[in-house]
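The block underneath contains the structure these notes are about, expressed in C-alpha coordinates.
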Number of protein chains: 2
Amino acid sequence: MPQPPPARRRLKPGARRRQILDVATREIAASGFRGASLAEIAENVGVSQPGLLHHFPSKAALLLAVLEQKSAEDTAIVDEVFADAEGTVGQAITALVEVNQRDPERIRLYTVTAAESIDAGHPAHDFYLRRYQGTRARLAERLAKDRERGRLPETLDVAEVATEILALLDGLQFQWLLDPGVDMTGPVRAYFARLYGRT
Amino acid sequence: MPQPPPARRRLKPGARRRQILDVATREIAASGFRGASLAEIAENVGVSQPGLLHHFPSKAALLLAVLEQKSAEDTAIVDEVFADAEGTVGQAITALVEVNQRDPERIRLYTVTAAESIDAGHPAHDFYLRRYQGTRARLAERLAKDRERGRLPETLDVAEVATEILALLDGLQFQWLLDPGVDMTGPVRAYFARLYGRT
DNA sequence: GTCTATAAAATGATAGAC
DNA sequence: GTCTATCATTTTATAGAC
(Lines give C-alpha, C1' and ligand atoms only; values in the text may rest on other atoms or scores of the structure.)
Protein backbone atom coordinates (compact mmCIF):
# COMPACT_ATOMS: atom_id res chain seq x y z
CA MET A 1 0.00 0.00 0.00
CA PRO A 2 2.11 2.94 -1.23
CA GLN A 3 0.73 5.88 0.63
CA PRO A 4 2.02 9.35 -0.28
CA PRO A 5 3.89 10.97 2.57
CA PRO A 6 1.37 13.17 4.35
CA ALA A 7 4.04 15.72 5.19
CA ARG A 8 4.45 16.48 1.52
CA ARG A 9 0.84 16.79 0.51
CA ARG A 10 0.76 20.51 1.27
CA LEU A 11 3.69 21.32 -0.98
CA LYS A 12 2.21 24.51 -2.40
CA PRO A 13 -0.29 25.42 0.26
CA GLY A 14 -0.57 29.10 -0.23
CA ALA A 15 0.70 29.48 -3.76
CA ARG A 16 -2.63 30.57 -5.17
CA ARG A 17 -3.26 32.63 -2.09
CA ARG A 18 -0.03 34.53 -2.67
CA GLN A 19 -0.92 35.00 -6.31
CA ILE A 20 -4.28 36.46 -5.36
CA LEU A 21 -2.64 38.81 -2.88
CA ASP A 22 -0.25 40.01 -5.57
CA VAL A 23 -2.96 40.83 -8.07
CA ALA A 24 -5.22 42.31 -5.40
CA THR A 25 -2.40 44.57 -4.25
CA ARG A 26 -2.03 45.97 -7.73
CA GLU A 27 -5.76 46.53 -8.23
CA ILE A 28 -6.34 48.08 -4.82
CA ALA A 29 -3.28 50.30 -5.15
CA ALA A 30 -4.68 51.58 -8.45
CA SER A 31 -8.34 52.03 -7.55
CA GLY A 32 -8.58 51.78 -3.80
CA PHE A 33 -10.69 49.34 -1.84
CA ARG A 34 -13.91 50.86 -3.10
CA GLY A 35 -12.80 51.11 -6.69
CA ALA A 36 -11.32 47.64 -7.01
CA SER A 37 -13.64 44.81 -8.04
CA LEU A 38 -13.43 41.15 -7.11
CA ALA A 39 -14.40 40.16 -10.63
CA GLU A 40 -11.47 42.01 -12.14
CA ILE A 41 -9.01 40.67 -9.59
CA ALA A 42 -10.30 37.14 -10.22
CA GLU A 43 -9.94 37.57 -13.97
CA ASN A 44 -6.34 38.79 -13.68
CA VAL A 45 -5.55 35.85 -11.43
CA GLY A 46 -7.14 33.46 -13.89
CA VAL A 47 -9.81 32.12 -11.59
CA SER A 48 -13.54 32.58 -11.25
CA GLN A 49 -14.86 35.16 -8.83
CA PRO A 50 -16.37 32.56 -6.46
CA GLY A 51 -13.06 30.72 -6.77
CA LEU A 52 -11.36 33.80 -5.42
CA LEU A 53 -13.78 34.04 -2.52
CA HIS A 54 -12.87 30.49 -1.55
CA HIS A 55 -9.51 31.80 -0.36
CA PHE A 56 -10.74 35.00 1.26
CA PRO A 57 -14.21 35.11 2.79
CA SER A 58 -14.97 38.67 1.72
CA LYS A 59 -13.59 41.70 -0.07
CA ALA A 60 -12.81 43.33 3.27
CA ALA A 61 -10.89 40.27 4.41
CA LEU A 62 -8.89 40.38 1.20
CA LEU A 63 -7.99 44.03 1.77
CA LEU A 64 -6.85 43.36 5.31
CA ALA A 65 -4.76 40.39 4.16
CA VAL A 66 -3.11 42.61 1.52
CA LEU A 67 -2.36 45.29 4.12
CA GLU A 68 -1.01 42.81 6.66
CA GLN A 69 1.29 41.29 4.07
CA LYS A 70 2.61 44.61 2.83
CA SER A 71 2.95 45.81 6.38
CA ALA A 72 5.27 42.91 7.14
CA GLU A 73 7.41 43.75 4.10
CA ASP A 74 7.42 47.33 5.29
CA THR A 75 8.69 46.42 8.72
CA ALA A 76 11.59 44.56 7.13
CA ILE A 77 12.50 47.57 5.00
CA VAL A 78 12.31 49.96 7.93
CA ASP A 79 14.40 47.67 10.12
CA GLU A 80 16.95 47.58 7.31
CA VAL A 81 17.37 51.35 7.04
CA PHE A 82 17.56 51.63 10.82
CA ALA A 83 20.02 48.75 11.08
CA ASP A 84 23.05 51.04 11.51
CA ALA A 85 22.97 51.78 15.21
CA GLU A 86 25.33 54.72 14.71
CA GLY A 87 23.20 56.45 12.13
CA THR A 88 20.65 59.13 12.90
CA VAL A 89 16.93 59.01 12.22
CA GLY A 90 17.54 61.58 9.52
CA GLN A 91 19.97 59.32 7.70
CA ALA A 92 17.66 56.33 8.02
CA ILE A 93 14.62 58.20 6.74
CA THR A 94 16.58 59.67 3.85
CA ALA A 95 17.59 56.14 2.86
CA LEU A 96 13.99 55.00 3.25
CA VAL A 97 12.77 57.63 0.82
CA GLU A 98 15.26 56.42 -1.75
CA VAL A 99 14.05 52.86 -1.31
CA ASN A 100 10.42 53.92 -1.51
CA GLN A 101 11.09 55.83 -4.69
CA ARG A 102 11.82 52.50 -6.37
CA ASP A 103 8.46 50.99 -5.43
CA PRO A 104 5.63 53.35 -6.33
CA GLU A 105 3.02 50.61 -6.10
CA ARG A 106 3.63 49.79 -2.47
CA ILE A 107 3.52 53.48 -1.57
CA ARG A 108 0.41 54.02 -3.61
CA LEU A 109 -1.37 51.18 -1.84
CA TYR A 110 -0.83 52.98 1.45
CA THR A 111 -1.60 56.48 0.23
CA VAL A 112 -4.85 55.47 -1.44
CA THR A 113 -6.24 53.12 1.19
CA ALA A 114 -5.14 55.27 4.13
CA ALA A 115 -7.13 58.24 2.82
CA GLU A 116 -10.19 56.05 2.25
CA SER A 117 -9.84 54.70 5.77
CA ILE A 118 -10.59 58.06 7.39
CA ASP A 119 -14.19 56.91 7.13
CA ALA A 120 -14.95 55.10 10.40
CA GLY A 121 -16.89 52.46 8.47
CA HIS A 122 -13.97 51.57 6.22
CA PRO A 123 -12.59 48.06 6.81
CA ALA A 124 -9.06 49.40 7.28
CA HIS A 125 -9.97 52.23 9.64
CA ASP A 126 -8.73 50.50 12.78
CA PHE A 127 -5.71 49.14 10.97
CA TYR A 128 -4.47 52.60 10.07
CA LEU A 129 -5.42 54.14 13.38
CA ARG A 130 -3.22 51.64 15.20
CA ARG A 131 -0.52 51.70 12.56
CA TYR A 132 -0.02 55.45 12.85
CA GLN A 133 -0.12 55.42 16.63
CA GLY A 134 2.52 52.72 16.70
CA THR A 135 4.70 54.31 14.02
CA ARG A 136 4.65 57.69 15.74
CA ALA A 137 5.62 56.09 19.05
CA ARG A 138 8.51 54.08 17.60
CA LEU A 139 9.81 57.05 15.64
CA ALA A 140 9.66 59.25 18.75
CA GLU A 141 11.74 56.66 20.63
CA ARG A 142 14.36 56.68 17.94
CA LEU A 143 14.46 60.46 17.92
CA ALA A 144 14.89 60.41 21.68
CA LYS A 145 18.02 58.31 21.20
CA ASP A 146 19.44 60.86 18.78
CA ARG A 147 18.65 63.52 21.34
CA GLU A 148 20.41 61.60 24.10
CA ARG A 149 23.45 61.29 21.90
CA GLY A 150 23.55 65.02 21.53
CA ARG A 151 22.64 64.94 17.87
CA LEU A 152 19.41 66.79 18.46
CA PRO A 153 18.62 69.74 20.78
CA GLU A 154 17.81 68.72 24.34
CA THR A 155 14.60 70.70 24.25
CA LEU A 156 13.26 68.94 21.17
CA ASP A 157 9.72 67.56 21.50
CA VAL A 158 10.25 64.15 19.91
CA ALA A 159 6.55 63.24 19.76
CA GLU A 160 5.87 66.45 17.87
CA VAL A 161 8.72 65.84 15.44
CA ALA A 162 7.66 62.22 14.89
CA THR A 163 4.24 63.42 13.77
CA GLU A 164 5.94 66.02 11.62
CA ILE A 165 8.26 63.56 9.87
CA LEU A 166 5.46 61.11 9.09
CA ALA A 167 3.35 63.95 7.73
CA LEU A 168 6.19 65.17 5.54
CA LEU A 169 6.77 61.70 4.11
CA ASP A 170 3.10 61.01 3.43
CA GLY A 171 2.61 64.40 1.84
CA LEU A 172 5.68 64.10 -0.36
CA GLN A 173 4.67 60.63 -1.46
CA PHE A 174 1.27 61.89 -2.47
CA GLN A 175 2.68 64.76 -4.55
CA TRP A 176 5.16 62.38 -6.17
CA LEU A 177 2.49 59.77 -6.99
CA LEU A 178 0.24 62.41 -8.50
CA ASP A 179 3.09 64.02 -10.42
CA PRO A 180 6.21 61.84 -10.82
CA GLY A 181 8.20 64.95 -11.69
CA VAL A 182 8.11 65.98 -8.04
CA ASP A 183 11.34 65.26 -6.19
CA MET A 184 11.06 63.80 -2.71
CA THR A 185 14.71 63.52 -1.75
CA GLY A 186 15.54 67.24 -1.98
CA PRO A 187 12.89 68.34 0.50
CA VAL A 188 13.71 65.47 2.84
CA ARG A 189 17.41 66.31 2.90
CA ALA A 190 16.70 70.00 3.40
CA TYR A 191 14.29 69.20 6.21
CA PHE A 192 16.76 67.04 8.12
CA ALA A 193 19.61 69.47 7.51
CA ARG A 194 17.62 72.07 9.44
CA LEU A 195 16.50 69.60 12.10
CA TYR A 196 20.02 68.36 12.86
CA GLY A 197 21.71 71.65 12.16
CA ARG A 198 23.43 72.51 8.89
CA THR A 199 26.95 71.33 8.38
CA MET B 1 -49.92 94.69 -20.58
CA PRO B 2 -48.19 94.27 -17.23
CA GLN B 3 -45.12 92.26 -17.97
CA PRO B 4 -42.99 91.09 -15.06
CA PRO B 5 -39.61 92.75 -15.07
CA PRO B 6 -37.29 90.30 -16.82
CA ALA B 7 -34.41 91.30 -14.61
CA ARG B 8 -36.18 89.82 -11.61
CA ARG B 9 -37.41 86.57 -13.02
CA ARG B 10 -34.23 84.71 -12.07
CA LEU B 11 -34.52 85.52 -8.40
CA LYS B 12 -33.43 82.12 -7.13
CA PRO B 13 -31.66 80.72 -10.12
CA GLY B 14 -29.23 78.34 -8.52
CA ALA B 15 -30.81 77.78 -5.13
CA ARG B 16 -31.37 74.09 -5.68
CA ARG B 17 -28.05 73.82 -7.39
CA ARG B 18 -26.32 75.20 -4.33
CA GLN B 19 -28.29 72.86 -2.10
CA ILE B 20 -27.18 69.89 -4.18
CA LEU B 21 -23.57 71.06 -4.02
CA ASP B 22 -23.82 71.29 -0.24
CA VAL B 23 -25.13 67.78 0.22
CA ALA B 24 -22.78 66.35 -2.39
CA THR B 25 -19.83 67.96 -0.63
CA ARG B 26 -20.73 66.19 2.59
CA GLU B 27 -21.25 62.80 0.95
CA ILE B 28 -18.12 62.96 -1.17
CA ALA B 29 -16.03 64.16 1.76
CA ALA B 30 -17.23 61.17 3.75
CA SER B 31 -16.98 58.42 1.13
CA GLY B 32 -14.99 59.85 -1.73
CA PHE B 33 -16.10 60.13 -5.32
CA ARG B 34 -16.23 56.37 -5.77
CA GLY B 35 -17.96 55.69 -2.48
CA ALA B 36 -20.63 58.38 -2.77
CA SER B 37 -23.85 57.52 -4.56
CA LEU B 38 -26.13 59.81 -6.54
CA ALA B 39 -29.18 58.12 -5.04
CA GLU B 40 -28.11 58.93 -1.51
CA ILE B 41 -27.23 62.51 -2.36
CA ALA B 42 -30.59 62.93 -4.08
CA GLU B 43 -32.42 61.51 -1.07
CA ASN B 44 -30.67 63.87 1.35
CA VAL B 45 -31.49 66.80 -0.92
CA GLY B 46 -35.11 65.70 -1.09
CA VAL B 47 -35.25 65.16 -4.80
CA SER B 48 -35.34 62.15 -7.09
CA GLN B 49 -32.13 60.85 -8.53
CA PRO B 50 -33.03 61.85 -12.11
CA GLY B 51 -34.08 65.18 -10.66
CA LEU B 52 -30.57 65.60 -9.39
CA LEU B 53 -29.08 64.74 -12.77
CA HIS B 54 -31.12 67.51 -14.31
CA HIS B 55 -28.80 70.00 -12.62
CA PHE B 56 -25.55 68.16 -13.23
CA PRO B 57 -25.16 65.98 -16.31
CA SER B 58 -23.12 63.27 -14.61
CA LYS B 59 -21.57 62.20 -11.34
CA ALA B 60 -18.16 63.33 -12.57
CA ALA B 61 -19.55 66.77 -13.44
CA LEU B 62 -21.02 67.01 -9.95
CA LEU B 63 -17.66 66.19 -8.38
CA LEU B 64 -15.88 68.82 -10.44
CA ALA B 65 -18.53 71.41 -9.58
CA VAL B 66 -18.06 70.60 -5.88
CA LEU B 67 -14.30 70.96 -6.17
CA GLU B 68 -14.48 74.20 -8.15
CA GLN B 69 -16.81 75.70 -5.57
CA LYS B 70 -14.71 74.67 -2.58
CA SER B 71 -11.60 75.77 -4.41
CA ALA B 72 -13.02 79.27 -4.71
CA GLU B 73 -13.79 79.35 -0.98
CA ASP B 74 -10.28 78.13 -0.38
CA THR B 75 -8.72 80.91 -2.40
CA ALA B 76 -10.62 83.44 -0.31
CA ILE B 77 -9.37 81.87 2.93
CA VAL B 78 -5.79 81.75 1.70
CA ASP B 79 -5.92 85.34 0.51
CA GLU B 80 -7.22 86.28 3.94
CA VAL B 81 -4.34 84.71 5.89
CA PHE B 82 -1.84 86.21 3.45
CA ALA B 83 -3.51 89.64 3.59
CA ASP B 84 -0.93 91.07 6.00
CA ALA B 85 1.85 92.13 3.65
CA GLU B 86 4.25 92.39 6.57
CA GLY B 87 3.71 88.86 7.82
CA THR B 88 5.83 85.90 6.81
CA VAL B 89 4.68 82.78 5.04
CA GLY B 90 5.21 80.96 8.31
CA GLN B 91 2.77 83.23 10.13
CA ALA B 92 0.20 82.96 7.36
CA ILE B 93 0.38 79.17 7.19
CA THR B 94 0.16 78.87 10.96
CA ALA B 95 -3.01 80.94 10.85
CA LEU B 96 -4.31 78.81 7.98
CA VAL B 97 -3.91 75.64 10.01
CA GLU B 98 -5.94 77.15 12.81
CA VAL B 99 -8.70 78.07 10.38
CA ASN B 100 -8.62 74.64 8.78
CA GLN B 101 -8.90 73.00 12.16
CA ARG B 102 -12.38 74.47 12.46
CA ASP B 103 -13.60 72.94 9.21
CA PRO B 104 -12.77 69.23 9.08
CA GLU B 105 -15.25 68.58 6.29
CA ARG B 106 -13.61 70.88 3.79
CA ILE B 107 -10.21 69.40 4.55
CA ARG B 108 -11.55 65.90 4.34
CA LEU B 109 -13.03 66.56 0.92
CA TYR B 110 -9.57 67.43 -0.35
CA THR B 111 -7.68 64.67 1.44
CA VAL B 112 -10.04 61.94 0.28
CA THR B 113 -10.57 63.01 -3.33
CA ALA B 114 -6.95 64.01 -3.87
CA ALA B 115 -5.74 60.51 -2.95
CA GLU B 116 -8.33 58.93 -5.24
CA SER B 117 -7.24 61.24 -8.04
CA ILE B 118 -3.77 59.69 -8.29
CA ASP B 119 -5.46 57.31 -10.71
CA ALA B 120 -5.07 58.87 -14.16
CA GLY B 121 -8.63 57.84 -15.01
CA HIS B 122 -10.15 59.67 -12.04
CA PRO B 123 -12.31 62.65 -13.03
CA ALA B 124 -10.37 64.98 -10.73
CA HIS B 125 -6.90 63.85 -11.81
CA ASP B 126 -6.17 66.89 -13.95
CA PHE B 127 -7.79 69.18 -11.44
CA TYR B 128 -5.39 68.16 -8.69
CA LEU B 129 -2.38 67.99 -10.97
CA ARG B 130 -2.86 71.63 -11.94
CA ARG B 131 -3.91 72.68 -8.46
CA TYR B 132 -0.72 71.41 -6.88
CA GLN B 133 1.49 72.83 -9.59
CA GLY B 134 -0.14 76.22 -9.14
CA THR B 135 -0.10 76.12 -5.36
CA ARG B 136 3.58 75.14 -5.25
CA ALA B 137 4.45 77.98 -7.61
CA ARG B 138 2.53 80.63 -5.68
CA LEU B 139 3.92 79.46 -2.37
CA ALA B 140 7.45 79.54 -3.75
CA GLU B 141 6.93 83.13 -4.88
CA ARG B 142 5.78 84.12 -1.41
CA LEU B 143 8.76 82.40 0.16
CA ALA B 144 11.03 84.26 -2.24
CA LYS B 145 9.65 87.53 -0.90
CA ASP B 146 10.46 86.48 2.66
CA ARG B 147 13.92 85.61 1.45
CA GLU B 148 14.38 88.99 -0.22
CA ARG B 149 13.35 90.66 3.02
CA GLY B 150 16.08 88.82 4.83
CA ARG B 151 13.67 86.69 6.82
CA LEU B 152 14.93 83.51 5.21
CA PRO B 153 18.48 82.42 4.31
CA GLU B 154 19.64 83.66 0.93
CA THR B 155 20.60 80.16 -0.13
CA LEU B 156 17.14 78.71 0.54
CA ASP B 157 15.63 76.75 -2.36
CA VAL B 158 12.11 78.14 -2.28
CA ALA B 159 10.66 75.60 -4.73
CA GLU B 160 11.93 72.80 -2.53
CA VAL B 161 10.51 74.36 0.62
CA ALA B 162 7.16 75.03 -1.05
CA THR B 163 6.82 71.32 -1.83
CA GLU B 164 7.89 70.58 1.72
CA ILE B 165 5.32 72.87 3.34
CA LEU B 166 2.46 71.53 1.26
CA ALA B 167 3.51 67.98 2.09
CA LEU B 168 3.65 68.76 5.79
CA LEU B 169 0.19 70.31 5.76
CA ASP B 170 -1.40 67.48 3.79
CA GLY B 171 0.22 64.85 5.95
CA LEU B 172 -0.78 66.53 9.21
CA GLN B 173 -4.33 66.96 7.99
CA PHE B 174 -4.53 63.28 7.18
CA GLN B 175 -3.27 62.21 10.61
CA TRP B 176 -5.66 64.63 12.27
CA LEU B 177 -8.66 63.47 10.23
CA LEU B 178 -7.89 59.84 11.00
CA ASP B 179 -7.25 60.55 14.68
CA PRO B 180 -8.65 63.86 15.93
CA GLY B 181 -6.39 63.61 18.98
CA VAL B 182 -3.43 64.49 16.76
CA ASP B 183 -2.33 68.10 17.10
CA MET B 184 -1.45 69.97 13.91
CA THR B 185 -0.46 73.34 15.30
CA GLY B 186 2.45 72.14 17.43
CA PRO B 187 4.34 70.52 14.56
CA VAL B 188 3.62 73.45 12.26
CA ARG B 189 4.96 76.00 14.75
CA ALA B 190 8.03 73.87 15.44
CA TYR B 191 8.65 73.49 11.72
CA PHE B 192 8.52 77.21 11.00
CA ALA B 193 10.56 78.05 14.08
CA ARG B 194 13.39 76.01 12.57
CA LEU B 195 12.85 77.36 9.07
CA TYR B 196 12.94 81.01 10.11
CA GLY B 197 15.44 80.49 12.91
CA ARG B 198 14.44 80.11 16.56
CA THR B 199 13.80 83.26 18.55
C1' DG C 1 -37.77 71.46 -13.07
C1' DT C 2 -39.27 67.35 -11.35
C1' DC C 3 -41.27 63.09 -11.65
C1' DT C 4 -42.00 57.69 -12.78
C1' DA C 5 -40.33 54.04 -15.22
C1' DT C 6 -36.78 51.62 -16.92
C1' DA C 7 -32.72 50.30 -18.84
C1' DA C 8 -28.20 48.09 -18.70
C1' DA C 9 -24.49 46.96 -16.29
C1' DA C 10 -21.82 45.81 -12.33
C1' DT C 11 -21.43 44.59 -7.60
C1' DG C 12 -20.41 41.22 -3.52
C1' DA C 13 -21.90 37.03 -1.98
C1' DT C 14 -24.09 32.20 -1.73
C1' DA C 15 -25.63 27.33 -3.16
C1' DG C 16 -24.34 23.36 -4.75
C1' DA C 17 -22.12 20.24 -8.35
C1' DC C 18 -17.73 18.10 -9.43
C1' DG D 1 -10.17 23.89 -4.80
C1' DT D 2 -12.69 25.37 -8.52
C1' DC D 3 -16.53 25.74 -11.19
C1' DT D 4 -21.54 27.26 -13.02
C1' DA D 5 -25.58 29.30 -11.85
C1' DT D 6 -27.92 32.54 -9.50
C1' DC D 7 -29.40 36.19 -6.20
C1' DA D 8 -30.31 40.44 -4.48
C1' DT D 9 -28.66 44.98 -4.66
C1' DT D 10 -26.93 48.93 -6.27
C1' DT D 11 -25.03 51.68 -9.67
C1' DT D 12 -25.27 55.63 -13.31
C1' DA D 13 -27.88 57.16 -16.83
C1' DT D 14 -31.87 57.88 -20.20
C1' DA D 15 -36.82 58.35 -22.01
C1' DG D 16 -40.65 60.62 -21.68
C1' DA D 17 -44.86 62.41 -19.11
C1' DC D 18 -46.44 66.44 -16.51
Side-chain angles (χ1 to χ4, degrees), chain A residues 4 6 8-28 30-67 112-113 116-117 119 121-125, chain B residues 4 6 8-28 30-67 112-113 116 119 121-124:
Chain A
R8 226 165 180 253
R9 233 188 308 165
R10 290 169 62 261
L11 185 105
K12 294 156 73 181
R16 173 118 298 172
R17 193 186 152 90
R18 265 192 299 276
Q19 189 192 7
I20 292 172
L21 284 176
D22 266 19
V23 174
T25 299
R26 280 200 293 277
E27 299 288 328
I28 295 173
S31 313
F33 171 70
R34 292 194 181 106
S37 102
L38 294 180
E40 196 177 334
I41 294 169
E43 195 191 346
N44 289 2
V45 168
V47 76
S48 72
Q49 183 251 16
L52 188 156
L53 281 178
H54 169 77
H55 299 272
F56 300 92
S58 70
K59 192 187 178 186
L62 176 57
L63 170 70
L64 290 178
V66 164
L67 290 178
V112 170
T113 58
E116 280 184 311
S117 85
D119 183 358
H122 191 280
H125 180 75
Chain B
R8 223 166 183 253
R9 232 190 308 167
R10 288 169 65 260
L11 186 107
K12 294 156 74 181
R16 171 119 298 171
R17 194 186 152 90
R18 266 192 300 276
Q19 188 192 8
I20 292 172
L21 284 176
D22 266 20
V23 174
T25 300
R26 280 199 294 276
E27 299 289 328
I28 295 173
S31 314
F33 170 71
R34 292 194 180 106
S37 104
L38 293 180
E40 196 177 335
I41 295 169
E43 195 191 346
N44 288 3
V45 169
V47 78
S48 74
Q49 183 252 14
L52 188 155
L53 281 178
H54 170 75
H55 299 272
F56 300 91
S58 70
K59 192 187 179 186
L62 176 57
L63 169 69
L64 290 177
V66 163
L67 291 177
V112 170
T113 59
E116 281 184 309
D119 183 358
H122 191 280

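In the text below, chain A, chain B and the rest are named by the order of the sequence lines, each starting its count at 1.
- Atom-to-atom, CZ of Phe56(A) to C1' of dT14(C) comes out at 19 Å; the value is rounded to the nearest Å.
- Side chain of Arg34(B) to backbone of Ser31(A): a donor-acceptor contact under 3.5 angstrom is found.
- One can place CZ of Arg34(B) at 16 Å from P of dA10(C), the figure rounded to the nearest angstrom.
- A straight line from CD of Glu43(A) to C1' of dC3(D) spans 16 Å, rounded to a whole angstrom.
- Proximity of a side-chain donor or acceptor of Glu27(A) to a complementary backbone N or O of Glu40(A) within less than 3.5 Å is not detected.
- Rounded to whole Å, atom P of dA10(C) lies 17 Å from atom CG of Leu38(B).
- For the pair Ile41(B) CD1 and dT2(C) C1', the interatomic distance rounds to 18 Å; values are reported in whole Å.
- If you take CD1 on Ile41(B) and CG on Asp22(B), they are separated by 12.0 Å, rounding to the nearest 0.5 Å.
- In this structure, Ala36(A) reaches the sugar-phosphate backbone alone: every heavy-atom distance under 4.0 Å involves primed, P, OP1 or OP2 atoms, never a base.
- Among the heavy atoms of the strands lying under 4.0 Å from Ser37(A) are primed sugar atoms or P, OP1, OP2 only; no base atom is included.
- Taking atom CG of Leu52(B) as the reference point, atom P of dT2(C) lies 10 Å away to the nearest angstrom.
- The interatomic distance linking His54(A) (NE2) with dA15(C) (P) rounds to 15 Å, in whole Å.
- Atom CD in Gln49(A) sits roughly 8 Å away from atom C1' in dT11(C) (whole-Å rounding).
- Counting any heavy atom pair closer than 4.0 Å across all strands shown, Leu53(A) reaches a base atom.
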